[in-house]
Each structure stands twice: as C-alpha cells, then as structure tokens.
Amino acid sequence: MLDIIDLKDEDFDEYTKRIDMNSSDVLQPVQDIINDVLENKDKALHDLTLKFDKADIKDFRVPDDVVADSINHISPELKATLEQAKENITKFHEAQIPSDWTMTVQEGVKAGQIIRPLESVGCYIPGGRAAYPSSILMTVLPAKIAGVKKIICCTPPDSEGRVSDEILAAAYIAGADEIYTVGGAQAIAAMAYSTETIPSVDKIVGPGNIFVATAKKLVYGDVDIEFPAGPSEMLALVDETAKPEYVATELLSQSEHDPNAATIMVSTSRRVAQETVKYVEEFLKSQERKDIIEESLSKYSKILVASSMEQAMAFTNAYAPEHLVIITEDDYKTLESINNAGSIFLGNLTPVAGGDYGSGTNHVLPTSGGARMYSGLSAESFIKKPTIQELSWEGLENISDMVINFAEAEGLYAHAFSVKKRLEDKE
C-alpha cells in the first residue's frame, strides 16, 4: 500500500501532485449549479438538496429556538469541550487584531491605517462523511472577534433535513446569527448571490470538498473568499529522532478525512520510514474509517527518503503543505528554513489533531500548494485596513512638485490642477 521511495530533485513535481482542483469534470457541473441558483434561487436550493442530500426541505433556516435548545441535547462532556476550545481559540485570535496607527511621512504629511470589520460573512461547515462542530468555532469565532455584524452558516442536512445537535450547539456557543440547511456548491452560490431565504455576504470562508472549493473559486470577485480550501493534507518532515509510531498516527489521522486527502512523509532516516510504514499497516487494522484511509493512502500518499535535510526541506517548501509536522533534532533550527506551510506542528508530542481542536490556532488552512501565497484563516481575515492621509499647507507644498510632475507626465492634468488650485488660494 505504501512504498518507500528515494527522493530525487528531478521528481519534486511528480510528488507534489494533489487532486486536480481545476478539472473540467468538476468545473462545468459546479458552474451549472451556480447558474441554477442564480436563476431559480430557493427552488434551485430545494431541488439540489433533494438531489444530493435526499432531503425535502421547505424552510432552509434553522429556527433560533431550535439552535438554542440544541445545547440541552449534547453531552455535558461535549459542551465542556466546546467551551474550552472556544476559550483557547478566542485567546489566540484576539491577539491577531492590529491597531489603528498614523505616522508623519514627511513634514506636514500625515498617513496611517484604520481597522474596520467586514459587514457580513458566510461560513461553510462541511458535512457528508463526518460532522465538524470544530469548524463552526474556527470560522465563526474569529469573525466575531473581528467585529463582523452578521455571520451566517450553511451546512448540509441529513436525509431527514436536519442538522446535528453537535453542529447547532457549536453554532450557538460561537454566536452565529443564522444557520441554513444547505450544503455543497449550491450553498456557496446562495451566500454569494442570495436567494429569497439566504442573504448574500461579503466574504465566504470554510473548508469543503472539491465541489465547494471550486464553487468558491468561481464566485470569487463577486464575493471575497479566504482561499480555496480543498481536501485535507499533511506533510511530516522527520529525521532519526522521530518516533515512527507517532508519525504513523499523523498519516492515518489526516487520511481519514477524505479519500482525496494527501499525506506525505519525507525523512532523512530510512529506518524511521520503514518502521512508520509498519506501524501504519498495524494501526490501520483497528481504524473505524479504514476504507477511507486505505483509499486516501493509495492515491495521494508518499513515503519519501531524502538524501539530506537540505533536500527534505527544499521538498517541503515545494510541496507547501496545509499541515506540516516537524520532528527533527532541532525543530526550531529546521523551522528557520521553512517558508511555505499553513500550520506547523513541532516535536513528537504535537499531533495535528491538537491544532485541529485545542491549541487555539485555526484549522481552516490553504491546501493544494496555496500555502505558498496564503496564510490560514485568522481574525485578520475578517477586517479591512483603509488608509488615511491628511496634509497641512506645509505638507501640500512639500509634495506639490512631485504630485504635479507625476500627474502631467501621465496626462492627468485635472489631478495637477487640484494641487495648483490650492496653492493659488494660499497665495
């Protein structure tokens, strides 16, 4: 199932491949769904939900009293878990909000930046193979902390048209304003363009399958998104100091998300690689989601042995993983050479599951190499940073020649006149 491969520099491109997020097999069906929602609105949502989720839903909004009552239908242990996670996530994300600032750029020229929240946000919460109350906390809480005024959530229903109490309770604890029982690309279209029931928002965030990720890419520009977040992925960068049984648990845990999840191990130690494969095969036998894990491991997983740590780190940056596990002799020294990763987990005692649920960092992260250009979801994802400037007479005079020369060189003479007129008035 998992072969050990000697990593060669010329093979980097081959081993960084994931599922094709631009496949025409997906693009056209998703565009058709978006067009259907644009044209037929709630009727399209009804028909698509019946088709894909087998649920005949007349009213997509979950009543507020049902959301509030959900807290009474979960175990005390889960309620405590959600509250503890909320506390950690809140503490971490509150530290991310920047402050307003101004500075004197030149005598008489004041400039700065102010912080303002988005007006409305839509959070997509995956369903299907598993329920993800943690994704409610990871998307809603940072938006609340940023000061977003309206936060809605869309999540797929079960075949009875219901959303689990676990999801609803997480939404209640996080402070979401509205919950809708709509999933898939149709939910993204509804939040982007509105229907009779679901309002449009300024930004859509949250992970999802390839159809959701593709829909987010297609509506981007009409609405903002954080980044395309597709199937989960993890790369473990390890040396001789790694415990193979721990690395094996990371490969298994990320593979159980989705048959298209990608898990990579790159090691400078062949012994660690061999023992990790042995533990994967041993632990797999007892996994409840064994079929999903096996399919994932067979499609996008690789066990690579690097000739040096330099080669291993170069491959890691080329892969730009969503989750990066580093277990090396000096993790912080290794970290200095890492440029591209969504979230990083240091040492034998730091499983990715810790960041998924409890450490306070966000688990909505860029996939498919997106970590080369995007950071994970944060409180800053929900704010705008308008710039401000103010000139005194002295400041206007100090930059007048520069502005006039630029404007006239570009043929924008009214721009130049706007400065000249003020200078004339002063005289």
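Here, residue 1 is the first one in the sequence, and each next residue gets the next number. Small disclaimer: the values here were computed from a predicted structure and weren't measured.
Judged purely by atom type and a 3.5 angstrom limit, Asp177 has no side-chain atom pairing as donor or acceptor with the backbone of Ile152. No donor-acceptor pair under 3.5 Å is formed between the side chain of Lys79 and the backbone N or O of Ala169. Checked by atom type and distance alone, the side chain of Lys216 never pairs as donor or acceptor with a backbone atom of Ile225 at under 3.5 Å. With Asn362 contributing its side chain and Gly376 its backbone, the two residues share no donor-acceptor pair below 3.5 Å.
Using a cutoff of 4.0 Å between basic side-chain nitrogens and carboxylate oxygens, Glu196 and Lys43 are not scored as salt-bridged.
For an aromatic pair to be called close, the ring centres must be under 6.0 Å apart, and Phe12 with Phe315 satisfies this.
Lys41 and Ser194 make their closest contact through NZ-O, 3.3 Å (heavy atoms, listed as atom of the first residue, atom of the second, distance). Heavy-atom minimum distance, Asp53 versus Pro157: OD2-CD, 3.8 Å.
Under the 3.5 Å distance criterion, with hydrogens and angles disregarded, no donor-acceptor pair is assigned to the side chains of Asp239 and Thr268. In this structure, a donor-acceptor pair under 3.5 Å is present between the side chains of Thr361 and Ser359. No side-chain N or O of Thr367 forms a donor-acceptor pair with one of Glu233 less than 3.5 Å apart. Using modelled atom types and a 3.5 Å distance limit, the side chains of Ser135 and His363 yield a donor-acceptor pair. For the residue pair Asn35/Gln31, the side-chain donor-acceptor check at 3.5 Å is satisfied.
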Counting only pairs under 3.5 Å, give me each side-chain donor-acceptor contact of residues 278-285, with atom names and distances, residues two or more places apart or in other chains.
none

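Exactly one of Gln113, Lys385, Arg116 qualifies for a side chain to side chain contact (heavy atoms under 4.5 Å, CB included) with Asp100. That residue is Arg116.
Here Arg372 pairs with nothing under the side chain to side chain donor-acceptor pair (under 3.5 Å) rule; sequence neighbours left out.
Taking 4.5 Å as the limit, some side-chain heavy atom of Ile198 sits within range of a side-chain heavy atom of Cys154.
Sorted by first and then second residue, the pairs that involve residues 265-274 and meet salt bridge (charged side-chain N to carboxylate O under 4.0 Å, His left out), not counting sequence neighbours, are Asp6-Arg270, Glu240-Arg271, Arg271-Glu275.
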Working for side-chain contact (heavy atoms from CB on, under 4.5 Å), residues Lys144 and Phe382: CA-CA 9 Å; Lys144 293 285 286 188; Phe382 302 102; over 6 Å; no
